[in-house]
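Here the structure is a predicted model, which is why all the values come from computation and not from measurement. The analysis underlying the following values was restricted to heavy atoms, covering all of them including side chains, and did not include hydrogens, waters or symmetry mates.
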Amino acid sequence: MTQDELKQATARAAIELIKPHLEDDMILGIGTGSTANFFIDMLAELKDDFDGAVASSEASAERLKSHGIPVYDLNSVSNMRFYVDGADESNDQLHLIKGGGAALTREKIVAAVAEEFICIADESKLVGVLGKFPLPVEVIPMARSHVGREIVKLGGDPAYREGVVTDNGNIILDVWNMEIIDPKATEAAINQITGVVTNGLFAARPADVLFLGTKDGVKTIKP
Ligand code: 5RP
């Protein structure tokens, strides 16, 4: 199976999980990236069975709208049963690295609101220790150099993601060469740096379930 087929299989597993729970007034949280895109395309089949979605990026919002799925502002939504999104890395505790698509801040906000965070990813994303994938950090533009120096003090090698402006108007530093032994502590430490909007570690609010697309089928992993 190709990596895309594994991503499609995991998106299908998420569809099957949420399908029996859909209600006319339900709003779903939807993530960003190629795996989330497969999920959005499959969700179109069910668009008459729920009200609409909150998207974690402008790109996902556009894709949802192209299927005729209404997109809501998160501020108009008081509860959200499910958030479905991909990841760049996950450990077996479902602590994640996210933000490869630069949408980490909105992803983290929508995940914070959701009752259940369903992560969908192909098997290449499951790792023993997080950090081989460079950790994305969203930074206020004028703080770029300061944040970079502070990250070096924490043991990382920050690299400016050239040409990328987030949906929030900020920049991304990708932090290389960090072996993230304690994801919660690292998440908190980086978020403490003045000028950081947020970082792509999802450890304080991990996923609740991971559907992992493997060549032997989709595995369900819970912490
Ligand atoms: C975007 C993300 C994505 O979930 C992550 O990059 C995974 O993407 P893909 O499904 O394309 O592998 O965090 O900011």
Side-chain angles (χ1 to χ4, degrees), residues 7 10-88 90 94-121 136-138 140 165-170 172 187 191 196-211 222-223:
K7 290 180 180 187
T10 187
R12 180 58 65 192
I15 290 283
E16 294 307 322
L17 185 147
I18 65 163
K19 202 171 168 177
H21 301 283
L22 293 177
E23 292 171 5
D24 287 347
D25 60 351
M26 186 178 272
I27 306 288
L28 299 169
I30 307 292
T32 298
S34 57
T35 319
N37 282 344
F38 285 127
F39 178 79
I40 292 170
D41 295 346
M42 292 174 191
L43 194 60
E45 301 160 15
L46 304 173
K47 69 179 176 191
D48 296 330
D49 299 341
F50 64 100
D51 187 357
V54 170
S56 69
S57 64
E58 299 298 334
S60 290
E62 288 311 312
R63 199 173 187 101
L64 286 158
K65 286 183 208 163
S66 76
H67 287 301
I69 298 172
V71 175
Y72 288 88
D73 184 321
L74 183 62
N75 292 308
S76 67
V77 174
S78 54
N79 59 63
M80 180 184 290
R81 174 78 192 270
F82 298 111
Y83 176 60
V84 181
D85 197 0
D88 297 302
S90 175
L94 309 194
H95 300 143
L96 312 174
I97 287 183
K98 291 183 49 54
L104 60 156
T105 300
R106 293 190 187 193
E107 290 170 343
K108 204 174 263 198
I109 294 167
V110 185
V113 173
E115 285 170 43
E116 193 171 347
F117 177 1
I118 303 163
C119 186
I120 50 177
V137 181
E138 181 164 352
I140 302 288
V165 177
T166 70
D167 286 347
N168 313 307
N170 299 312
I172 298 284
E187 181 178 4
N191 282 344
V196 167
V197 178
T198 195
N199 71 81
L201 275 167
F202 284 55
R205 199 288 181 242
D208 297 300
V209 60
L210 168 62
F211 287 130
K222 292 189 179 183

Backbone N/O of [Y] and side chain of [X]: donor-acceptor pair under 3.5 Å:
| X | Y | answer |
| --- | --- | --- |
| E187 | A204 | yes |
| D49 | L22 | no |
| K108 | G200 | no |
| D167 | A103 | no |
| S76 | D73 | yes |
| T10 | F211 | yes |

- Task: Kindly confirm or rule out a cation-pi arrangement of K98 over F202, judged by NZ or CZ under 6.0 Å from the six-membered ring centre and within 45° of its axis?
- Result: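 Verdict for F202: a cation-pi partner in K98.
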- Full working for side chain to side chain contact (heavy atoms under 4.5 Å, CB included) between D85 and V110: CA-CA 10 Å; D85 197 0; V110 185; over 6 Å; no
- Message: What verdict does the side-chain hydrogen bond (donor to acceptor under 3.5 Å, both in side chains) test give for N168 and N170, after you've listed the backbone C-alpha separation in whole Å, the side-chain angles of each residue and the deciding distance to 0.1 Å?
- Response: CA-CA 6 Å; N168 313 307; N170 299 312; 5.8 Å; no
Got a second to check how far [X]'s [atom1] is from [Y]'s [atom2], nearest 0.5 Å?
| X | Y | atom1 | atom2 | answer |
| --- | --- | --- | --- | --- |
| Y83 | D208 | OH | CG | 12.5 Å |
| I69 | L28 | CD1 | CG | 8.5 Å |
| L74 | R106 | CG | CZ | 10.5 Å |
| I27 | D25 | CD1 | CG | 8.0 Å |
| E116 | M80 | CD | CE | 13.0 Å |

I'd like to check [X] versus [Y] (side-chain heavy atoms, cut-off strictly below 4.5 Å). Are they in contact?
| X | Y | result |
| --- | --- | --- |
| F38 | I120 | no |
| F82 | L17 | yes |
| I118 | F39 | no |
| T105 | T166 | no |
| L201 | I97 | yes |

Looking at every heavy atom in both [X] and [Y], which two are closest together, and how far apart are they?
| X | Y | value |
| --- | --- | --- |
| A53 | I30 | CB-CG1, 3.7 Å |
| G68 | K47 | O-CD, 4.2 Å |
| L43 | F50 | CG-CZ, 3.7 Å |
| I40 | G31 | CD1-O, 4.5 Å |
| A207 | L96 | CB-CD1, 4.2 Å |
| N191 | T198 | OD1-CA, 3.4 Å |

Can you list the residues that meet the side-chain hydrogen bond (donor to acceptor under 3.5 Å, both in side chains) rule with [X], with sequence neighbours excluded?
| X | result |
| --- | --- |
| D41 | R63, H67 |
| D48 | none |
| E115 | none |

- Using the side chain to side chain contact (heavy atoms under 4.5 Å, CB included) rule, take I15 and R12 through it: C-alpha gap first, then chi angles, then the decisive distance, then the call. CA-CA 5 Å; I15 290 283; R12 180 58 65 192; 3.9 Å; yes
- Task: Test E138 against I172 for side chain to side chain contact (heavy atoms under 4.5 Å, CB included), laying out the working first.
- Result: CA-CA 5 Å; E138 181 164 352; I172 298 284; 4.1 Å; yes
